[in-house]
Amino acid sequence: MAAPGLRRRALGARFRALTQEIFMPFTLATWNINSVRLRAPLVERLLGEEAPDVLCLQECKSPVEKIPLETFRALGYGHLVARGQKGYNGVAILSKLPLRDAGDRDFAGLGHARHVAAELENGVTIHNFYVPAGGDVPDREVNEKFGQKLDYLAEMRDWFRSDRPGKSILVGDLNIAPREDDVWSHKKLLKVVSHTPQEVAALGDTQEAGHWVDVTRKDIPEGQLYSWWSYRARDWDAADKGRRLDHVWATPDIAGAGHSSRILRAARGWEKPSDHAPVFATFDL
DNA sequence: ATGGTAGGTCTCCTA
């Protein structure tokens, strides 16, 4: 039998080990960067100023081998799981924490680099998505791209239905603003691709199939919330005609650990910006 | 009702 003092210290160590095991908070951000090579300085600025543990990028528009990993590694981000192609699409997960490549899927058979998954050492899987934008006309009979977007979402839905995810986070540019307060004008955008009832229903089916919790809206349930402002506006900030296209979802087993969601609107005003702002969430896991 | 900007690539596609 150990002396009372020793026993107390041993319990203290066990308590510390236990609490550390339970509370290992990590912060995650998702950002459509619109060319990771052109905007490598902006990525560096975000990593330097905000220091998320994990940064998921979309629209890298670069083959994986041309992503400037060494500049990011110098800031402590030595781990990369990515898929790329020349000129279009491309998704990357950049991390301070070790990652295991957990594969990718080619939904709707497009042959595009629009999904990649990685697993953290705590067993959490991160899915990074770039859902097709869907073209201009919300009618698959006259616009093939709109059909591809709906097919992409349907195949995501079917996958989550057949293989229900657990301990998972899904982020990315989903190219749909589902709620009325996710767009600057619900009424004016009802026939605009990204906010049509058909797309909102498709996204809802995909979310429901995986029992995904919208972590951003769990944290910020009220009010207008945007993550994208068009380049075409004369003054994006004053006009504020935004949409919430970028999302952070989590499975119910870990969604309760998510908190401190925010959108870094300021990044939309940086020099030569992306048209998207980064979305953040922290998970105590 | 219209056109407005941006990036990559190779002259126009995509967002």
Side-chain angles (χ1 to χ4, degrees), chain A residues 30-46 56-68 71 82-92 106-115 128-140 142-153 171-178 182-185 187-196 198-200 202-203 226-247 265 267-279:
Chain A
T30 178
W31 196 12
N32 178 319
I33 193 62
N34 188 16
S35 175
V36 71
R37 283 180 282 172
L38 187 74
R39 287 189 239 284
L42 295 195
V43 174
E44 289 179 70
R45 179 169 175 185
L46 187 83
C56 296
L57 298 169
Q58 303 86 34
E59 276 208 273
C60 297
K61 296 186 173 177
S62 170
V64 173
E65 62 273 16
K66 291 189 177 175
I67 294 174
T71 45
R83 296 294 185 272
Q85 60 185 93
K86 199 167 77 175
Y88 304 102
N89 312 312
V91 284
D106 179 21
F107 299 94
L110 300 174
H112 296 171
R114 294 182 177 274
H115 168 251
N128 183 13
F129 275 96
Y130 176 46
V131 172
D136 287 331
V137 183
D139 177 355
R140 71 188 308 156
V142 298
N143 170 22
E144 184 188 31
K145 286 192 176 62
F146 192 71
Q148 289 171 346
K149 181 178 196 174
L150 296 175
D151 292 345
Y152 194 97
L153 290 160
V171 305
D173 177 2
L174 305 185
N175 265 314
I176 296 171
D182 289 337
V183 293
W184 66 276
S185 168
K187 207 174 165 185
K188 286 196 171 73
L189 289 178
L190 275 170
K191 291 177 179 171
V192 174
V193 173
S194 73
H195 192 62
T196 64
Q198 198 176 5
E199 290 165 272
V200 171
L203 187 69
Y226 315 138
S227 65
W228 175 89
W229 295 261
S230 172
Y231 283 127
R232 294 174 185 173
R234 274 191 299 262
D235 184 341
W236 71 273
D237 196 23
D240 200 22
K241 293 183 173 179
R243 308 176 200 170
R244 187 171 72 103
L245 304 180
D246 303 275
H247 299 266
R265 182 186 173 111
R268 180 62 180 79
W270 289 354
E271 186 86 6
K272 290 275 281 176
S274 166
D275 44 357
H276 294 253
V279 182

Practice problem: Identify whether any heavy atom of A:R114 sits under 4.0 Å from a base atom; if not, whether one sits that close to sugar-phosphate; answer base, sugar-phosphate or nothing. | Solution: sugar-phosphate
Practice problem: List in chain and number order the residues that pass salt bridge (Lys or Arg N to Asp or Glu O under 4.0 Å) with A:D151, two or more places apart in sequence or in another chain; answer none if no residue qualifies. | Solution: A:R140
Practice problem: Rounded to whole angstrom, note down the P distance from B:dA6 over to B:dC10. | Solution: 23 Å
Quiz item: Considering only the C1' atoms, how many Å lie between B:dG4 and B:dA15, rounded to the nearest integer?
Solution: 14 Å
Quiz item: So which one's nearest nucleotide on DNA chain B is more toward 5', A:K61 or A:Y130?
Solution: A:K61
Quiz prompt | Partners passing side chain to side chain donor-acceptor pair (under 3.5 Å) against A:R45 (at least two apart in sequence or in another chain) | solution = A:E49
Quiz item: What residues, two or more places apart in sequence or in another chain, satisfy side chain to side chain donor-acceptor pair (under 3.5 Å) together with A:W228?
Solution: A:D275
Quiz prompt | C1'-based separation of B:dT14 from B:dT9 [nearest Å] | solution = 11 Å
Quiz item: Measuring from A:I33:CD1 to A:C56:SG, what's the distance to the nearest 0.5 Å?
Solution: 13.0 Å
Quiz item: What pairs with A:L38 under side chain to side chain contact (heavy atoms under 4.5 Å, CB included), at least two apart in sequence or on another chain?
Solution: A:S35
Quiz item: When the C1' atoms of B:dG7 and B:dT2 are considered, how many whole Å apart are they?
Solution: 24 Å
Exercise. Nearest-nucleotide wise, let me know which of A:G134 and A:N34 is further upstream toward the 5' end of DNA chain B.
Key: A:N34
Practice problem: Could you list the residues that satisfy ring-ring contact (aromatic ring centres under 6.0 Å, His included) with A:F107, not counting sequence neighbours? | Solution: A:H115, A:F129, A:Y152, A:W159
Practice problem: Heavy atoms of chain A, cut-off under 4.0 Å: which first and last nucleotide of DNA chain B, 5' to 3', fall inside that, if you could look? | Solution: B:dG4 to B:dA15
